[in-house]
Amino acid sequence: MYWGEFLMRNKDVSFWLFLTPVLLGLGLVVIIPLLYGFIYSFTNWNGLAATEFLGLTNYIDLFKEAEFRNSIWFTIKFSVVSVIIINFLGLGLAILVTRGMKTSNFLRTIFFMPNLIGGLILGFIWQFIFVSAFDGIGNLLGIEALQGWLSTTETGFWGLVILTSWQWAGYIMIIYIAYLENIPKDLLEAAEIDGASSFQRFKNIIFPLVAPAFTVSMFLTISHCFKIYDQNLSLTGGGPFNSTQMVAMEIYKTAFNENQMALAQSKGVIFLILVAIISLTNVYYNKKREVDM
Amino acid sequence: VKEMKGKKFYTGVLSALLASSVALAGCGNSGEEEGASADKVTVDVFQFKVEFKDQFESLVEKYEKENPDVDINVKTVGGGNDYGASLKSTFSSGEEPDIFNVGGPSDVEDYREYLADLSDTEASKVALDGTLTSVKDGEETLGLPFNQEGYGFIYNKSVFEEAGVNADEIKTYEDLEKAVKKIDKQKEDLGLEAVFALAAKETWVIGNHLANAFIAPEFDQDILKAYNADTIPFEKGDELKRMLDLQNKYSVQPVLSLDYSQQVEQLFSLGKVAIIKQGNWVYNSIEAMDPEFAENNIGMFPIPVEGFEGKLPVGVPMYWAVNKKSDEEVVQASKDFLDWMYTSDAGKEAVVNDFKFIPAYKGYEDAEIADPLSQEIYNYSSEGNTLGWVFMGSPIGWQEEVLAVNMQQYLSGDISWDEALENARASWEKSRK
């Protein structure tokens with residue numbers, strides 16, 4: 001058939017033909033909305049029509065809003081703490097399950113499991129644990145620190161950190177495992193013969209060689225932590241008094257609860273820029289640190 | 001052979017693409033040809049209440065059988081924000097419905113040019129006092145109430161009886177305080193964890209409902225006054241404070257993480273607390289936990305507000321509106337249908353038994369209203385013993401995002417009560433500028 005032959009001969013056309021659906025999808029649901037959103041953020045858009053071009057008014061207003069600033073600050077604090085804990089736990093678990101224990105495969109599955117549960121449901125499960133289970137144990141043993149979780153900003157903060165770390169440590173573990181298993185055994189053996197202690201081996205061989213895993217994991221965890229919404233919504237709902245409200249949730253509320261679409265859109269743009277700057281800087285510096293074998 | 005396979009593969013892909021594009025195009029067209037046969041009047045309904053979609057559609061079918069010359073199409077889109085947004089887009093896309101829903105004064109203002117005057121309908125004449133205020137414009141009535149909802153203090157009858165407290169005698173704040181203290185003293189014997197469960201985590205519980213009881217009087221119960229007010233004086237701010245304090249002091253702690261489901265299901269339904277501030281909507285949850293308890297053992301008394309003792313805050317969550325720009329006969333058919341739904345015997349029966357509504361109209365005195373809480377609310381409202389709901393008239397999002405958040409901050413001890421009210425007032429004034 002003419003068409004088939006034409007396509008076979010002409011690699012370029014078939015290449016583009018196969019790419020079209022993806023490009024179309026990406027363009028329609030990501031790129032075009034992004035451009036539209038960017039334009040709308042300079043107007044008084046109400047969700048239906050934009051009648052006035054406001055210039056930078058929205059961008060000036062959003063920085064005057066204490067609530068938005070608080071949510072950015074809260075998100076940054078949360079992300080810093082969570083990223084450190086997740087990577088620490090992830091690497092720890094990865095080292096644990098690559099030691100060649102009999103239960104390794106079983107443990108890997110168990111550690112990865114939390115990541116398979118949806119964020120909303122996780123939030124509700126942990127809400128029950130923090131509010132009811134913690135309270136019950138606290139009552140029984142007379143430990144006051146376990147009572148009244150999620151009713152203060154601090155416990156809300158740590159609740160979110162615990163939930164996120166629990167969910168993500170297993171996922172990050174998988175990435176570390178991949179790199180750990182790629183470390184040539186002869187390097188470690190040579191070091192051992194030369195008399196390096198296990199800490200020295202970790203510090204001088206393993207750590208530098210898993211550096212690329214740090215780049216990947218840090219990038220993933222940072223962008224994930226910044227953009228958290230569902231866990232935030234179901235665990236604390238931003239409460240008490242919106243003090244545990246992260247940026248994504250603040251933007252959602254501005255748009256849909258307060259009906260200020262254009263303002264929310266401009267917050268979204270700022271948020272995008274913020275996350276991009278932080279993630280890309282991080283990738284740049286981590287890349288520099290990586291060593292080639 | 002390989003080349004042949006390749007050819008077949010590409011032809012396969014191409015024909016699949018073609019087929020799917022035809023199918024897609026087909027989707028776009030279907031549904032437009034049907035309807036509009038000779039002398040039938042077609043009424044398009046666009047409504048928000050997902051909960052009663054099936055029951056409503058079967059009532060519509062009944063109406064169509066009785067009136068073969070009318071054809072009613074019902075489209076339902078989920079509540080709250082979704083409905084508002086999709087209604088806006090149906091209007092801007094030109095597919096305007098003939099019957100749709102409006103919530104409060106801000107909707108009425110947005111859709112003013114589309115709202116037909118319904119004051120000549122039978123239903124509008126028998127609508128209970130006060131249910132039409134937010135859809136009145138001079139002589140015109142621009143909407144018909146769906147139903148009513150109301151809230152107050154819901155209490156456990158047997159606990160009250162055992163404690164020797166008579167709910168009917170609680171009229172003033174002092175009465176309430178005395179009763180609460182009396183129950184609190186015996187709480188071990190009564191098997192209670194505390195007297196109240198204050199769900200302060202839910203911003204709507206404290207910001208919309210509790211606060212409304214003390215804000216409504218300063219706007220004379222009139223949602224339109226609230227809608228047009230440049231500021232909010234908080235004349236009853238101290239009363240609101242002491243009511244909040246009382247509930248907090250005698251509540252299961254910590255209130256700031258206590259949510260709706262703990263309040264209603266875990267604590268009240270299981271007899272761990274004696275009183276909760278809630279509305280008729282909790283009935284289904286309580287019934288699911290303990291049908292017998294729900295049926296026989298719960299009652300409601302009003303939140304004591306000075307000068308308005310014995311009055312229950314009752315409001316209309318949503319209104320029916322008819323599109324003025326539709327053809328005259330369609331407007332008439334729409335009005336006839338709404339009238340039939342709320343005033344005919346068949347309609348009334350469906351409203352009470354199938355929709356399980358608290359009717360917002362006169363003439364339901366003999367009807368068996370679904371549950372005891374709803375019955376109580378209907379009694380209060382048909383006797384005119386009600387306080388208005390004004391919270392739909394405050395700036396969008398203010399009650400929950402500003403007032404409730406500040407009340408939570410006050411409860412946590414971060415700010416004083418005066419600061420909380422001051423913040424809330426400043427935000428109101430800013431959005432009304």
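A note on names: the letters A, B, ... follow the listed sequences, proteins ahead of strands, and every chain is numbered from 1. Only heavy atoms go into these numbers, but all of them, side chains included; no hydrogens, no water, no symmetry mates.
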- Message: Within the 4.5 Å heavy-atom criterion, are B:Val405 and A:Glu67 side-chain neighbours or not?
- Response: no

- Query: Take atom CH2 in B:Trp204; do more than 12 heavy atoms of anything else shown fall under 6.0 Å from it?
  - Reply: yes

- Query: Using non-hydrogen atoms only, which part of A:Gln127 is less than 4.5 Å away from chain B: side chain, backbone, both, or neither?
  - Reply: side chain

- Quick one: CG on B:Asp259 to CG on A:Leu150, what's the gap to the nearest 0.5 Å? 10.0 Å

- Which of B:Ile415, B:Asn406, B:Thr203, B:Asp414 passes side-chain contact (heavy atoms from CB on, under 4.5 Å) with A:Phe241? It is B:Asp414

- Determine whether A:Asn242 and B:Gln408 make a side-chain contact, defined as any pair of heavy atoms from C-beta on separated by less than 4.5 Å. no

- Minimal heavy-atom distance between B:Pro254 and A:Gly148, with the atoms involved, is CG-CA, 3.5 Å

- Separation of A:Asp135 CG from B:Gln253 CD (nearest 0.5 Å): 11.5 Å

- Query: Considering only heavy atoms, which portion of A:Thr236 lies under 4.5 Å from any heavy atom of chain B: side chain, backbone, both, or neither?
  - Reply: backbone

- Query: Taking everything shown except B:Lys75 itself, do over 12 heavy atoms lie less than 6.0 Å from its NZ?
  - Reply: no

- Task: Would you mind checking which part of B:Gln262 comes under 4.5 Å of any heavy atom in chain A, side chain (CB onward), backbone (N, CA, C, O), both or neither?
- Result: side chain

- Other residues, nucleotides, ligands: >12 heavy atoms within 6.0 Å of A:Leu23 CG: yes

- Query: Would the number of heavy atoms belonging to other residues, nucleotides or ligands and lying under 6.0 Å from NZ of A:Lys77 be above 12?
  - Reply: yes

- Query: Hey, is NZ on B:Lys187 packed in by over 12 heavy atoms from elsewhere, all under 6.0 Å?
  - Reply: yes

